[in-house]
Each structure stands twice: as structure tokens, then as C-alpha cells.
Amino acid sequence: MDKVCKDWAQWLKKTRFAYMDEGQKTQTLNWLIQLRDELLDLAEITSNQRVIDLGCGSGLLGFGVLERFRDNVEIIFSDKYKGCLDECQKLLDEMDINHNASFLKCNITNIRQKSDSIDRALTRSVLVHVIDKALAFEEIYRILKHKGIYVGFEPIISQNTRYYELLQSSEITNYYEFKEAEKEIMEDPQDALVNFNYETLTDDLHTSGFINVKVRVETVTSSYKPFREGIKKWFITPPGPNQKTMKQRFMEYFDEEEVDLYIKEVQKALSNKNITINSKTAFIKAVK
């Protein structure tokens with residue numbers, strides 16, 4: 001790993017991954033680096049291009065571009081949250097390396113760039129926070145040059161393993177009521193986390209004007225023993241800024257006492273038990 005991404009990885013360990021043990025940090029970073037490299041390979045970036053990392057967050061893709069190309073490519077770190085941009089800027093300043101980077105605060109559905117001005121657009125787990133995916137694709141299409149390429153990675157949460165699939169009806173009070181509530185939660189068309197799948201992504205990209213659209217869905221299977229406190233975090237940790245926790249989502253169907261009982265029963269049923277979960281992810285590539 002080059003110095004750029006070594007520094008980036010150390011920064012994540014001290015900030016975003018501070019709550020993890022060393023084994024979890026290493027496993028997560030290895031996955032992120034593998035993901036980054038696959039997306040950058042798909043993007044087919046070459047020298048003298050303008051590249052934008054939309055919803056850059058911690059800068060996974062942007063720092064990957066810098067590592068590969070240095071000053072030979074212009075990279076724009078873009079995010080609607082100033083805090084994300086500030087952190088990326090701070091790290092670049094600390095590295096004291098030559099780079100051709102700039103920072104842009106904007107929303108992916110209103111990108112502050114001229115039409116036909118970008119060669120490559122990149123996203124990683126961004127559309128999952130955007131209710132209107134089609135509008136985001138239209139904006140990406142607008143800013144790309146002719147034959148420009150968009151690549152992205154998105155978790156298809158609506159098709160992931162659900163809680164009720166890991167549980168027995170005898171373990172949960174009102175099991176069937178919670179099962180039906182979870183189904184509705186995971187199919188809510190107004191919830192950005194779950195209102196899309198392979199078919200809708202493909203259709204929206206075509207409708208926006210993209211050609212050579214390829215959406216490859218992979219299933220990642222993992223087996224582990226969840227701990228009691230870790231299970232609680234599933235329910236009380238928001239999946240993103242201004243997003244409801246799973247507990248809050250269930251409280252739209254049940255009162256808090258019922259939801260707290262449900263969480264305790266899930267903890268009892270699954271703590272230190274071997275479980276296997278499937279997660280669906282999509283790799284996207286499309287050409288203007």
C-alpha cells in the first residue's frame with residue numbers, strides 16, 4: 001500500500017474505526033481497499049482526466065485516485081456534509097504531498113459542476129441515502145462528458161437477511177406481528193435505504209440516458225457469533241445522518257415497551273449463537 005492510502009488507513013483507524021478491535025479494523029480496511037480497487041479498475045481512469053468522488057465521506061475513492069495518479073488527474077472530493085470535506089482536507093494537508101485535489105460542498109441531486117465537464121464520476125454507498133435515485137443519475141449524466149463513465153457501489157439492503165429469518169417464533173413475543181412490520185419497513189418506497197434493487201437501478205440509469213449499463217449484484221455471506229451489546233447496536237445505531245434507527249422504525253408499529261422487549265428477546269436468542277447472514281451489493285458501470 002502506497003503512503004497515501006497508508007496514511008488514510010491510519011486516519012480511519014483513529015477516527016471512524018476507533019470503536020473496533022484490531023481484527024475488525026484490519027478486516028474492514030482490507031474489504032474497503034479491495035472494493036476501492038475494483039471500482040477504480042471499472043472506471044478506466046487515465047491521465048489528464050477530471051474525476052469526481054460524489055458523496056466522498058471518508059475519501060475512500062478520492063484517496064485511491066490520488067494514490068494511483070498523483071497530479072496526473074484532477075480529483076474533486078464532493079459531499080453535502082462540510083465535516084466530511086474538512087476531514088479529507090485536513091488529512092491531505094497533514095500528508096504534505098503534491099496533489100491536484102479540490103473540494104466541493106453539494107448534494108448529488110444538485111451537483112455544482114458545469115454540464116459535460118467531468119470524465120469520471122464515482123460513488124460508494126451514496127445512493128442508499130438518496131430517495132430519488134433517478135434524479136441523482138440525471139445529474140451525474142449531465143456533468144459527464146460524452147463517453148464519460150460513472151461507476152458506483154451500493155448495498156441492496158432490501159434484499160439482505162432479515163431479523164425474523166434468524167429467529168424462531170417461539171423465541172419472540174408477537175413474532176408474526178414483528179415479522180410483518182419488518183417486511184413493510186424493508187419495502188417502504190419512501191425510505192432511501194430500501195426503495196431500490198437491481199431492476200430499478202438498471203431502469204433508472206437507462207431512463208437517464210446512459211448506455212452500456214451494467215449492474216452486477218453479488219451476495220456476501222458472513223457467519224459469526226454476535227454479542228449482546230452488538231445486537232443492541234443493530235437497533236439503536238442510525239444507518240446514516242438524519243436516518244431513523246431500526247428501533248425508531250419499529251416504534252412506528254409498536255410502543256416503546258414492546259420494541260424494547262423485542263430487542264431483549266433477540267439478544268437472548270442470538271447472543272453467542274452462530275448465525276449466517278447474506279448481504280446483497282451492486283457494482284454499477286454506465287457510459288454517457
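Side chains included, hydrogens not; waters and symmetry mates left out as well; all remaining heavy atoms used.
Ion pairing between a basic and an acidic side chain is recognised when a charged N comes within 4.0 Å of a carboxylate O; Asp191 and Arg249 show such pairing. Taking the charged nitrogens against the carboxylate oxygens, Arg124 and Asp53 have no contact shorter than 4.0 Å, which rules out a salt bridge. With respect to Glu180 and Lys183, a salt bridge is recorded, a charged nitrogen being found less than 4.0 Å from a carboxylate O. Classification of Arg142 and Glu139 as a salt-bridged pair holds, one side-chain N sitting under 4.0 Å from a carboxylate O. With salt bridges taken as basic N to acidic carboxylate O contacts below 4.0 Å, one links Lys285 and Glu44. Taking the charged nitrogens against the carboxylate oxygens, Asp86 and Lys105 have no contact shorter than 4.0 Å, which rules out a salt bridge.
In the displayed structure, Lys244 atom NZ is contacted under 6.0 Å by at most 12 heavy atoms of other residues, nucleotides or ligands. Within a 6.0 Å radius of OH in Tyr198, no more than 12 heavy atoms belonging to other residues, nucleotides or ligands are found. Counting non-hydrogen atoms of other residues, nucleotides and ligands closer than 6.0 Å to OH of Tyr81 gives a total above 12. Remark: Lys232 NZ is loosely packed, at most 12 non-hydrogen atoms of other residues, nucleotides or ligands lying under 6.0 Å away. Dense packing is recorded around CD of Glu199, with more than 12 heavy atoms of other residues, nucleotides or ligands lying under 6.0 Å away.
Side-chain atoms of Glu265 come within 3.5 Å of backbone atoms of Thr173 as a donor-acceptor pair (strictly under, hydrogens ignored). One N or O on the side chain of Glu154 and one on the backbone of Val128 form a donor-acceptor pair closer than 3.5 Å. Of the possible polar contacts, one joining the Arg120 side chain to the Ala43 backbone as a donor-acceptor pair under 3.5 Å is found.
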| message | Checking Ser170 against Tyr175 for the side chain to side chain donor-acceptor pair (under 3.5 Å) test, could you report, in this order, the C-alpha distance in whole Å, the side-chain angles of both residues, the deciding distance, and whether it holds? | response | CA-CA 8 Å; Ser170 59; Tyr175 169 86; over 6 Å; no
| message | Show, in sequence, the C-alpha distance, side-chain angles and deciding distance for Lys280 and Asn197, and conclude whether the side chain to side chain donor-acceptor pair (under 3.5 Å) test is met. | response | CA-CA 9 Å; Lys280 297 279 188 179; Asn197 54 36; over 6 Å; no
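What you find for Ala282 and Val215 is that their closest heavy atoms are CB-CG1, 4.0 Å. When every heavy atom of Lys273 is checked against every heavy atom of Leu166, the shortest pair comes out as NZ-O, 4.0 Å.
Screening Leu144, Leu122, Ile75, Ile143 for a side-chain contact (heavy atoms from CB on, under 4.5 Å) involving Ile52 leaves a single residue, Ile143. Only one option out of Thr46, Asn100, Leu40, Ile45 pairs with Phe69 in a side-chain contact (heavy atoms from CB on, under 4.5 Å); it is Ile45.
Under the 4.5 Å side-chain criterion, counting only non-hydrogen atoms from C-beta, Leu85 is in contact with Cys56. At least one side-chain heavy atom of Thr202 sits less than 4.5 Å from a side-chain heavy atom of His206.
Looking only at atom types and distance, the side chain of Tyr253 has a donor-acceptor partner in the side chain of Glu184 under 3.5 Å away. A donor-acceptor contact under 3.5 angstrom links the side chains of Asp93 and Gln89, judged on distance only.
Tyr262 and Phe178 have parallel rings, their planes meeting at less than 30° on a 0 to 90° scale where 60° marks the start of perpendicular. The aromatic rings of Phe210 and Phe137 sit perpendicular, their planes meeting at an angle over 60°, well past the 30° parallel limit.
Linking ILVMFWY residues whenever their side-chain heavy atoms come closer than 4.5 Å, directly or via other members, leaves Val151 and Ile156 in distinct clusters.
Applying the salt bridge (Lys or Arg N to Asp or Glu O under 4.0 Å) test to every pair with at least one member in residues 162-171, sequence neighbours left out, gives these pairs: Arg162-Glu187.
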